[in-house]
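In what follows, a single structure is set out as structure tokens and then discussed.
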Amino acid sequence: MKIDRLETIHLCFEYDEGFTYAGGTCSARVTTLVLVHTDTGAVGIGSGYSHPGLMELVLQHQLAPFLQGEDPTQVEALWEKMYRITRWYGRKGAAMTAIGALDTALWDLRGQAAGQPVWRLLGGQRSTCPAYASALLWNDVDALAAEAARHIENGFRRVKMRLGRSSEYDVAAVQAVRQAIGPDNDMLVDGSMRYNNQTAREMAAQLETHSAFWFEEPFEPENLEAFTSLRQDVRVPLAAGENEFGLQGFKELIRNQAVDIVQPDASRCGGITETKRVADAAQAAGLRVATHSWSDALAIVANAHVISNAPNGITVEVDQTGNPLVEQLLNEPLEISDGQLALSEAPGLGVSLNQAVIESHRLSDPFNLANGSYSDMVFGPDFFRPAGPYV
Ligand SMILES: [Mg+2]
């Protein structure tokens, strides 16, 4: 089998109302799909979450000519090749994300060629993966409680909420969600990078009282010293990694003893290959791993193939904000029951793309996005409205 060509598909979804978070009001979401076409007719699929124009540039204008004619099942060798080709401007950020999208598609092809699901090729024995509902953005507290209860009714056993709005709100929101989901389900909180050393300790005390499962990104990702210091003082597990790339980046988190739980994302940090390496490095350091996902269903599935069988794998993130790129992108919808995401026994990633959803959300020009707040990226100064200081 040889690689024939790459196809890139950029998708965009605009919310009717959007959601409120630390970055302002999110109006739209984007993701990039990569299809690796081969001379046998087999097609591997992967996805990456970054600036669509940068993805197009790296994938089609840089990497594609180097992949043509290569054996797609030589995944690790191709990963190294792509990494070296992009090293000068890559290593972290969009180039690593592009490599990862391709890497995931190569794993899909490797699985198809072997007639085995990727999770089994990674050494696994079980086709399910614990998953959590990720939503509960800044809202009024009663609505938050009702929403949390709904996620539990829908089969989740873990929910993640966003804090960092104000001290008063945070305390009320945590109490309300804990009450809504009861003591037997897990409450995860994302600090939205909004705390300082003192407010993080105050919040951690609240989270310990309400038995939070983890405290994610209380600080900006560059501030590793603050993570390390906080971790020595509190008992709630700290989590971070959605802003980190590559094994080298995660080694820095691990070396600094900054977190209890690392959060790589195959659709951001370097694909299935690199997410597995990060999970292994965390395991060697006695840490747990729980993947981030905030883009599309294919990314969630790719992450779940790694987490389902990692000895230190805890859970995968499933966006529950009403995003069709998550809920409808695949012909095989994500099914959660009793907190577990089901993975297919079919070869490769075991999923296929819903063409109708692709056509209705296809971005015509990845270099020319409409102004808006795309959750993690902002286009147009009118949409740059981060929340005021945390009080
Ligand atoms: Mg987060």
Side-chain angles (χ1 to χ4, degrees), residues 18-26 29-31 48-50 92-93 97 130-139 144 147-148 151 156 158-165 169-170 173-174 177 186-195 199-200 203-204 207 212-224 226-227 230-231 236-245 249-250 253 258-269 275 278 282 287-296 299-300 303 307 314-321 323 325-326 373-378 386-387 390:
F19 57 76
T20 306
Y21 71 121
T25 299
C26 174
R29 306 284 293 277
V30 286
T31 197
Y49 176 33
S50 185
K92 293 192 179 193
T97 299
Y132 70 89
S134 185
L136 300 166
L137 288 119
W138 291 1
N139 204 341
L144 217 51
E147 188 200 327
H151 296 313
F156 287 96
R158 285 186 178 130
V159 299
K160 187 167 87 183
M161 61 192 301
R162 272 69 182 177
L163 297 183
R165 192 177 194 177
Y169 171 83
D170 287 0
V174 164
V177 168
D186 293 327
M187 178 181 70
L188 292 50
V189 310
D190 188 333
S192 312
M193 307 184 275
R194 298 262 296 156
Y195 296 85
T199 55
M203 196 64 230
L207 296 177
F213 191 78
W214 76 49
F215 190 10
E216 174 177 331
E217 286 200 324
F219 310 115
E220 291 181 326
E222 294 79 9
N223 199 355
L224 288 185
F227 278 92
L230 178 65
R231 188 170 172 234
V236 60
L238 301 186
E242 69 180 77
N243 281 293
E244 198 47 84
F245 298 86
F250 280 90
L253 268 180
V259 293
D260 299 277
I261 297 160
V262 294
Q263 298 177 294
D265 177 349
S267 74
R268 246 171 95 64
C269 83
T275 303
V278 169
L287 303 178
R288 293 177 289 168
V289 57
T291 47
H292 167 269
S293 250
W294 200 240
S295 49
D296 63 77
I300 295 168
N303 282 319
I307 293 298
I314 311 175
T315 190
V316 296
E317 179 168 16
V318 181
D319 175 349
Q320 290 291 291
T321 61
N323 177 354
L325 305 183
V326 169
S373 169
Y374 291 68
S375 189
D376 295 298
M377 293 173 279
V378 175
Y390 181 85

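Atoms considered below: every heavy atom in the structure, side chains included; atoms not considered: hydrogens, waters and symmetry mates. Each ligand, and each atom within it, is numbered from 1 in the order the structure gives. Being a predicted model, the structure only gives us computed values, none of them experimental.
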### Message
My understanding is that only one of Met187, Lys160, Gln320 makes a side chain to side chain contact (heavy atoms under 4.5 Å, CB included) with Tyr132; could you say which?
### Response
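Only one option passes, and that is Lys160.
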### Among Leu238, Leu230, Leu224, side chain to side chain contact (heavy atoms under 4.5 Å, CB included) partner for Phe219
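Going through the options one by one, the only one that passes is Leu230.
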With a 4.0 Å cut-off on N to O distance, would you call [X] and [Y] a salt bridge?
X	Y	result
Glu244	Lys92	yes
Asp260	Arg231	yes
Asp296	Arg29	no

### Task
Measure distances from the Mg ion (ligand 1) and count the protein N, O or S atoms below 2.8 Å.
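Step by step: take the Mg ion (ligand 1), keep protein N, O, S below 2.8 Å, and you get 3.
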### Task
Taking the side chain as every heavy atom from C-beta outward, state whether Trp294 and Thr321 have any pair of such atoms under 4.5 Å apart.
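Contact flag for Trp294/Thr321 side chains = yes.
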